[in-house]
S.K.: 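Have a look at this one.
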Amino acid sequence: MGDAQNEPKKEEGEKKVLHTYALVRFCDMVEEMRTEAMDLSANACEKHSTNNESAARMIKENMDKKFGPSWHAIVGEGYGFEISYEVKHLMYMYFGGNLAICVWKCS
Amino acid sequence: MPRTKGPLRPGTSALKPAKASALKLHGTQGAGEGSRLELGEDMETWGRARALVKPDDQVDLNENELKEEIARVLTVRTPQQSEGLVIWSHKDAAFVQRAVPASGALLLDMPSTCLHIDSPEAREQAAYLGAAGRITLAETLTMAAKAAPKTFKKESRRSGGGEDDEEEEEADGEGDADGEGEADGEGGEGKERGSVSEGAGDAPAAGADTSSEKPEEDASEGGSKKDAEGGAESGEGAGEAAEEGDEGASAADAEGEDGVAADAATEVFPSRPVKKVANQFNFCDRAALTYNNPYRTLSTQTEPPPRDTFSDQVMQYIIYDAYQKDWEEKQAGKEKEVKQVPKQFGRQAERKLDERTNPDSSLNRSIRAAKTIERMLNQNTSDDIAKDCRYYEDGSDEFREGAGTLLPLWKFYYEPTKKFHVTNICWNPRYHDMFAVTMGYLEFMKQAASGAVCVFTMKNPSYPEYVLHTASSVMAAEFHHEQVNLLAVGLYDGSVAVYDLQLSQQDPVFRSDSVHNKHCDMVWQVTWGQDTPDGELNLYSVSNDGNVFNWVLTSSTLHQTTVISLVLDRATPVAGPDGTTLTITGCGTAIAFHPTNPKVFLVGTEEGQVFKCSTEYTSMYLLSYSAHHMPVHRIHFNYFLPDIFITCSSDWRIKIWEDGRTEPLFVFDLHCSVGDVQWAPYSSTVFAAVTLDGKAHVYDLNVSRYQPICVQNIVSRKKNRLTRLAFNKKHPLIVVGDERGTVTSLKLSPNLRVKPKATKKQAHLTPHDLEVLKMDKLLALVREPFILQRPPDTEQAVE
């Protein structure tokens, strides 16, 4: 009985590896834009680690500057969304282990 | 003297109105001027005659006192202001006089384009405009007519006041005229005024006439004269006269002449140039209307950029799971990579790495540089061929209706191997410009004790990229499909070897043991099998000794297993001497694996049989075809239909088979021993074959099922023979080997590589599907239909 209880704990201990790298879930951008958006999102989330709103603002404004309006960005730990986006202008990624970032263009 | 005092006079008079009588004295002042003196005398006589009224308190002055001149001066200077202000000048090192500060103060300074209506400029302008304006602006005139009388009266009154001053000034300037003017002003006789005004109103000329006769009318004459002299308009004179008339009338207590004077004034008005006067300044309004540009509407609509919708749900556990999954995949990928590094090459790889990284191996580097230069030189010398290879398309194909040609490009040979036969050709699966040529002997009575494998590249036709010398004739070679640097080689002495082209060494990486671990006869063909589940490479070889061997590349050796023995007739062993029985085995000459089922393969024999075998069963055939009467030289599966294969043989024939059908679908007779046949990688219906008489044949079943679409002599028939051929997988090229160690590359003309065109219904199909359809259609023509058995007749039925 005691053994049985210990085992799952061990497993959990093993599994608790924190992954903080950027993990792209869905992206249909061209390569150049994709890397740019990934870097930008990662930077914004590192810079504004405590304020998701300013991180999203930073992503949005920088994307607007680089690729023209109108970009939208969501940064958050838990939300649901259904968006319409211009084809080839969507990136949906996880970052820092607990953040989901959705960046898309729709003007 | 009087001139200098002139300007001061008004002030004086204003200050001392009581002393007005003293002004009479000025006649004596101007004694030098005759006319004035005369006037003065006139006045005295005139005064005496009238018994001048004197105020009672007037001081009596004697002559001398009267002559005394009392000068009162008004200045703009401030008496209190000190004039001796000095300031120290550092420049002059002395006190200097300081400029007296201005005592005046400027309240308003406004340059303007407005003219006062009374100024001579305004009058000039009015006169100028009036002449034109009266005709064109009738309305303005009527307006002006209403407004004019008032304005006019005001003007005349005002101008009258101004005129008095003027008169006085002028009187100062001009002695005689002045006297008369003053006489007008002071005199104040109503009658005379009336007559004057009349005279002036009617006509100045008339006034002038009367003046010459009547002394009383001198004044009027003077007035009119003065007007004329001053150059002012008659209107002004008239106005002045009218004003005087008014004054005169009032002074005379509204006598009858008053009405006349008023009449005269109103009569004067119409003759004046009148214009609209909105206020006392002159304005001119002008307006213009321009055309507006016509408007036009233009609109366009573009297609909006394509959009899509995307939705997802974010939860912490979803993110966590995604990371876990991704992480696991990454780990698995890493493990695979580690696995993929072949264990058995560890040592060699290290050695090789040493060779490359070692700075002492300058020889290697110089060889590399030399190779580069060699390629450049070759590119320059065979520039036209390279361009042909890339760009030339035979234009005459359009007129040939299905037939095509082969354009010879480079010839590849290696001088030391010119006496060898080309026994096999094999393209590299990754580098489409590279192919391996095996050199050996097909005439088995005179075998040389050596052989070679030359690996050529199209980029360097003059010299092989790699040359591998062997101790025996090389009969077969094949590149591994994944690790393209590995070349499996089958030798005449029955052994197989694997070379690694990356290593700059002559020795094979693997070599079957030359005593036990080998075939007992020459190896006809080698082919790589699928990697074993452990990831070990393995290859199959077929040999004249009737065995098919599987070779597994373990860490250091080739591990051999027998896949099948090609027993010709399993049921009836042949009786041998001394009561023993022998099983006769066929001599394997060709092997081909099924493209989709890696366990099934076909083996051709020297007896003409083709056996369908499986790697699972070592003692039985799945099927056996009695394909040919002479040795089968090649079995080749179609690239598009996995069940279709082609065989060729020395019995002059090429046959196309369907898997599972013992009768061939197509048979072609080339009237000469067929050395090799290959399906084209780009079409399901095209294949090419070479015959011993030096001809290459290309068939396209879609064009003709009976005739080749191209037959071309590649080498001279008398001296040389063709042995093998191979299609390039990517470019429209074939290479053909002959018995003189030479390989000729040929470009297929457009007719030889016609692609099927999709009809409208087939628009959704891929090119691959189209190829399959094309072949299927042909096969349907030749497949024997299933024969329906007629049920046996029964007697009852007959009855």
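Lettering follows sequence order; numbering is per chain, from 1.
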S.K.: Does NZ in B:K459 sit with more than 12 non-hydrogen atoms of other residues, nucleotides or ligands closer than 6.0 Å?
M.R.: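 12 or below, so no.
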S.K.: For the candidates A:L90, A:V87, A:D28, which exhibits the highest count of non-hydrogen atom pairs separated by less than 4.5 Å from chain B?
M.R.: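 The option with the most such pairs is A:V87.
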S.K.: Give, for atom CG of B:D312 and atom CD of A:E82, the distance between the pair rounded to the nearest 0.5 Å.
M.R.: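 Between B:D312 CG and A:E82 CD, I get 10.5 Å after rounding to 0.5 Å.
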S.K.: If you count every heavy atom of other residues, nucleotides or ligands that lies below 6.0 Å from A:E32 atom CD, does the total exceed 12?
M.R.: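 Incorrect, the count does not exceed 12.
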S.K.: How far apart are the closest heavy atoms of B:Q316 and A:E77, and which atoms are they?
M.R.: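 It is NE2-O, 2.8 Å.
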S.K.: Applying salt bridge (Lys or Arg N to Asp or Glu O under 4.0 Å), name anything that partners B:D531, two or more places apart in sequence or on another chain.
M.R.: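 If we apply the salt bridge (Lys or Arg N to Asp or Glu O under 4.0 Å) test to B:D531, skipping adjacent residues, there are no hits.
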S.K.: If the plane angle is over 60° it's perpendicular, under 30° parallel, otherwise tilted; pick one for B:Y323 and A:Y21.
M.R.: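 It falls in the perpendicular class, over 60°.
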S.K.: Count the heavy atoms belonging to other residues, nucleotides or ligands that lie under 6.0 Å from CD of B:E374, then report whether that count exceeds 12.
M.R.: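 Yes, because the 6.0 Å sphere around CD of B:E374 holds more than 12 heavy atoms from other groups.
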S.K.: If I measure from the heavy atoms of chain A, does B:K325 come under 4.5 Å with its side chain, its backbone, both, or neither?
M.R.: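 For B:K325, neither part sits under 4.5 Å from chain A.
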S.K.: Step through the shown structure and confirm whether more than 12 heavy atoms of other residues, nucleotides or ligands are within 6.0 Å of CD on B:Q331.
M.R.: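 Yes, enclosed.
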S.K.: What part of A:I74 is in contact with chain B, defined as an atom under 4.5 angstrom from a non-hydrogen atom: side chain, backbone, both or neither?
M.R.: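 The answer is neither part of A:I74.
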S.K.: For the candidates A:G76, A:G97, A:G80, which exhibits the highest count of non-hydrogen atom pairs separated by less than 4.5 Å from chain B?
M.R.: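 If we count pairs closer than 4.5 Å to chain B, A:G97 comes out on top.
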S.K.: Would the number of heavy atoms belonging to other residues, nucleotides or ligands and lying under 6.0 Å from CZ of A:R34 be above 12?
M.R.: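 Yes.
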S.K.: Please enumerate all residues that pass side chain to side chain contact (heavy atoms under 4.5 Å, CB included) together with A:E36, with sequence neighbours excluded.
M.R.: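 A:K66, A:F67.
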S.K.: Anything under 30° is parallel, anything over 60° is perpendicular, the rest tilted; go ahead and classify A:F81 against B:F310.
M.R.: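 Rings of A:F81 and B:F310: tilted, 30 to 60°.
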S.K.: At what distance, to the nearest 0.5 angstrom, does OH of A:Y94 lie from CG of B:D321?
M.R.: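 It is 9.0 Å, given to the nearest 0.5 Å.
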S.K.: Got a second to check how far A:M93's CE is from B:I319's CD1, nearest 0.5 Å?
M.R.: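 Here the interatomic distance stands at 11.0 Å.
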S.K.: Taking all non-hydrogen atoms of both residues into account, name the closest pair between A:A100 and B:V314 and its distance.
M.R.: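 Between these two residues, the closest heavy atoms are CB-CG1, 3.3 Å.
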